[in-house]
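The first residue in the sequence is number 1, and the count goes up from there.
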Amino acid sequence: MKNNLFLDAAFSKQTERPPVWMMRQAGRFMPQYWEIKNKYSFLEMCKTPEIAADVTMLPVDLLGIDAAILFCDILVTGEAMGGDLSFTQGVGPKFANPVRTAQDIENLNVDCLDELQYVADAIKVIQQRLDGNIPLIGFAGAPFTVMSYLIEGGSSKDFKLTKLFIHNQPELAHKLLAKIAKVTADYLNLQIAAGVNAVQIFDSWALALSWNDYQEFSHRYIQEIISNLNRKDIPVISFCKGSSVFAPIMAEAKPDVISVDWNADLLNIKNALPAGIAVQGNLDPHILYADKAVIKAQIHKLFERMRGTEGFIFNLGHGIMPDIPFDNVKYAIEVVKEFRY
C-alpha cells in the first residue's frame with residue numbers, strides 16, 4: 001500500500017498526521033455523483049460493479065482522501081434475505097414486505113451470499129482502479145439497524161414498531177437478529193475475501209435504544225459478528241449514532257477502531273478505552289456549512305486536542321449532508337492533509 005496512514009492509525013500506530021476519509025464521501029453533495037445518479041436507479045448503481053466502482057472512485061480522484069469506501073448500501077443484506085427493497089427520491093428506502101410475524105422471520109433466507117456476489121465483483125474492480133494507492137473499506141449494517149428497517153418497512157422517526165417488537169416479542173426479536181447477524185458476518189467475510197482492506201459496521205439507529213436494550217439487542221450481535229470475521233490484517237471499525245454514550249460497551253466487542261459521534265470529547269473517549277483501540281471522528285458535519293476559516297479552526301482545535309495520541313483517524317461524527325458545499329469538503333480535506341504533528 002503506497003499510503004498506509006489509514007491502516008497504521010487503525011492499528012493504533014503513530015502517524016505523521018491524522019488520516020482522513022468521510023462517511024458518505026461518495027454521495028449527493030458531489031455534482032459528479034448526480035451525473036451518474038441521473039442515469040441509473042440507486043440499486044442499479046449498487047448492483048453494477050463498474051458503476052459502483054465509478055462512484056467509489058469519485059472522492060479518491062476529486063478529494064484525495066486516505067481511504068476509499070465501497071459504494072453500496074447497508075440494506076442490501078435485508079434484500080438478499082428476502083426483503084422487497086426499493087429507493088424513492090426524497091423518501092428513502094422502503095421494504096414492501098415488512099417483517100412483523102414469526103412466519104415472516106421464518107421466511108428470511110440466511111444462505112444468501114450468492115445474492116450479494118455483485119458486491120464482491122465491485123470490490124475487485126475498485127481494487128484494480130485503486131492500484132494499491134490507498135486502502136478500500138468495506139461495510140455492513142449492524143443487525144439492529146437492519147432489523148429496524150425490516151420491521152418499520154423503511155425509515156422511522158421514533159422506531160415505535162421496532163421498540164414494541166423487542167419489548168413485546170423479545171424471543172422473536174432475537175431470532176430475527178441472529179439471522180441478520182449470521183448473514184452480516186458471512187457478507188463481511190465475502191468482502192474480505194474479495195479484497196477490502198478494512199471493514200466498518202454501521203449501527204445507524206442505535207441511539208434509539210436505552211443502555212440495557214443496546215446491550216441486549218445490538219451489542220451482543222455486533223460482538224458475535226466481529227468474533228466470526230476473518231480479520232487478520234483487516235481492521236474492524238465499529239460505528240453507531242450514540243457511540244459517545246455506548247463506547248464502553250462497544251469496546252467489549254473488541255473492534256480495532258470505534259468511530260465516535262460529535263457529542264463527546266474525543267480524547268476523553270480515547271483515554272477511557274482499552275489500550276489498542278483507535279478512535280475515528282468526530283467533527284460535527286454541520287461545521288462543513290461554515291466559513292472556511294471556521295472549518296480550519298475547528299479541525300485544528302480537534303487535532304491539538306488529540307496531539308500525541310496514537311490511533312486517531314479523522315472523520316465526521318456522521319455522514320456528509322447532501323447540501324454541504326463540495327468546495328468546503330475539499331477544503332476540509334486539504335486542511336487535514338497539510339497538518340503535521
Side-chain angles (χ1 to χ4, degrees), residues 41-49 52 70-88 91-123 138-156 159 161-166 169-194 196 199-206 208 216-230 240:
S41 73
F42 181 75
L43 280 174
E44 279 180 312
M45 292 164 69
C46 293
K47 293 184 178 185
T48 310
L70 168 71
F71 178 76
C72 197
D73 192 80
I74 61 170
L75 297 181
V76 296
T77 47
E79 183 189 43
M81 294 174 75
D84 184 0
L85 177 64
S86 63
F87 288 84
T88 305
V91 177
K94 289 283 183 186
F95 281 106
N97 55 340
V99 175
R100 306 274 170 80
T101 67
Q103 189 58 54
D104 292 338
I105 296 169
E106 194 64 38
N107 291 342
L108 292 174
N109 181 22
V110 295
D111 297 316
C112 56
L113 276 194
D114 287 351
E115 300 290 326
L116 295 162
Q117 183 59 40
Y118 62 87
V119 177
D121 294 340
I123 289 165
F139 70 92
F144 174 76
T145 290
V146 174
M147 178 178 82
S148 75
Y149 279 101
L150 287 171
I151 291 173
E152 303 283 345
S155 300
S156 173
F159 303 95
L161 294 174
T162 307
K163 296 186 84 169
L164 279 173
F165 191 77
I166 65 174
Q169 303 180 83
E171 289 182 8
L172 279 184
H174 284 302
K175 187 173 182 182
L176 176 52
L177 287 163
K179 279 193 156 189
I180 299 170
K182 163 79 166 62
V183 170
T184 305
D186 290 347
Y187 174 52
L188 288 172
N189 280 329
L190 174 83
Q191 294 183 38
I192 291 168
V196 297
V199 293
Q200 178 158 316
I201 300 169
F202 284 86
D203 204 354
S204 305
W205 304 129
E216 181 175 354
F217 296 103
S218 179
H219 165 67
R220 66 184 272 189
Y221 294 99
I222 292 172
Q223 192 168 33
E224 179 184 318
I225 290 164
I226 292 176
S227 70
N228 284 310
L229 293 182
N230 302 322
C240 75

Specify the closest pair of heavy atoms between [X] and [Y], including all atoms of both residues, with the distance to one decimal.
X	Y	result
Gly153	Arg100	N-NH2, 4.5 Å
Met147	Ala173	SD-O, 4.1 Å
Ile74	Ala140	CG2-C, 4.3 Å
Ala208	Lys163	O-NZ, 2.7 Å
Ala52	Ala122	CB-CB, 4.0 Å
Val146	Leu75	CA-CD2, 4.4 Å

Next item on the list: Might you work through the side chain to side chain contact (heavy atoms under 4.5 Å, CB included) test for Ser86 and Leu43, ending with a clear yes or no?
Entry: CA-CA 8 Å; Ser86 63; Leu43 280 174; 5.5 Å; no

Please check this pair: side chain of [X] against backbone of [Y], looking for a donor-acceptor N/O pair closer than 3.5 Å.
X	Y	answer
Thr145	Ser204	yes
Asn97	Gly82	yes
Asn189	Asn228	yes
Asp104	Thr101	yes
Lys179	Leu108	yes
Thr184	Ile180	yes
Glu44	Ser41	yes
Gln191	Phe139	yes

I need the [X] [atom1] to [Y] [atom2] distance, nearest 0.5 Å.
X	Y	atom1	atom2	value
Leu161	Ser148	CG	OG	10.5 Å
Asn109	Met81	CG	CE	7.5 Å
Ile201	Leu188	CD1	CG	6.0 Å
Leu176	Gln169	CG	CD	11.0 Å

[X] versus [Y]: any side-chain heavy-atom pair under 4.5 Å?
X	Y	answer
Leu177	Ile166	no
Ile123	Leu70	yes
Ile151	Pro98	no
Ser155	Val91	no
Lys175	Glu106	yes

Next item on the list: Decide side chain to side chain contact (heavy atoms under 4.5 Å, CB included) for Thr162 and Phe144; before the verdict, give the C-alpha distance in whole Å, the side-chain angles of both, and the deciding distance to 0.1 Å.
Entry: CA-CA 9 Å; Thr162 307; Phe144 174 76; 3.8 Å; yes

Note to self: Under the criterion ring-ring contact (aromatic ring centres under 6.0 Å, His included), I'd like the reasoning laid out for Phe159 against Trp205: C-alpha separation, chi angles, the key distance, then a yes or no.
What the structure shows: CA-CA 9 Å; Phe159 303 95; Trp205 304 129; 5.4 Å; yes

Item checked: is_close_aromatic(Tyr149, Phe95), centroid dist under 6.0 Å -> no

Notebook entry, point to check: Can you tell which of Lys182, His174, Glu216 makes a side chain to side chain donor-acceptor pair (under 3.5 Å) with Tyr221?
Noted result: His174

Checklist line | Worked check of side chain to side chain contact (heavy atoms under 4.5 Å, CB included) between Lys94 and Asp84 | finding: CA-CA 8 Å; Lys94 289 283 183 186; Asp84 184 0; over 6 Å; no

Check: Do the rings of Phe71 and Phe42 sit parallel, tilted or perpendicular, given the 30° and 60° boundaries?
Finding: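 Judged by the thresholds at 30° and 60°, the geometry between Phe71 and Phe42 is perpendicular.
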
Notebook entry, point to check: Looking just at side-chain N and O atoms, do Gln103 and Asn107 make a donor-acceptor pair shorter than 3.5 Å?
Noted result: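 Gln103 vs Asn107: donor-acceptor pair found between side chains.
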
Next item on the list: Kindly indicate, with the supporting measurements, whether the criterion side chain to side chain contact (heavy atoms under 4.5 Å, CB included) is fulfilled by Tyr187 and Val76.
Entry: CA-CA 10 Å; Tyr187 174 52; Val76 296; 3.5 Å; yes

Margin query: Quick test of your reading of the model: are Glu79 and Lys47 salt-bridged, counting only N-O distances below 4.0 Å?
Written below: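 Looking at Lys47 together with Glu79, the answer is yes, because their closest N to O distance falls below 4.0 Å.
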
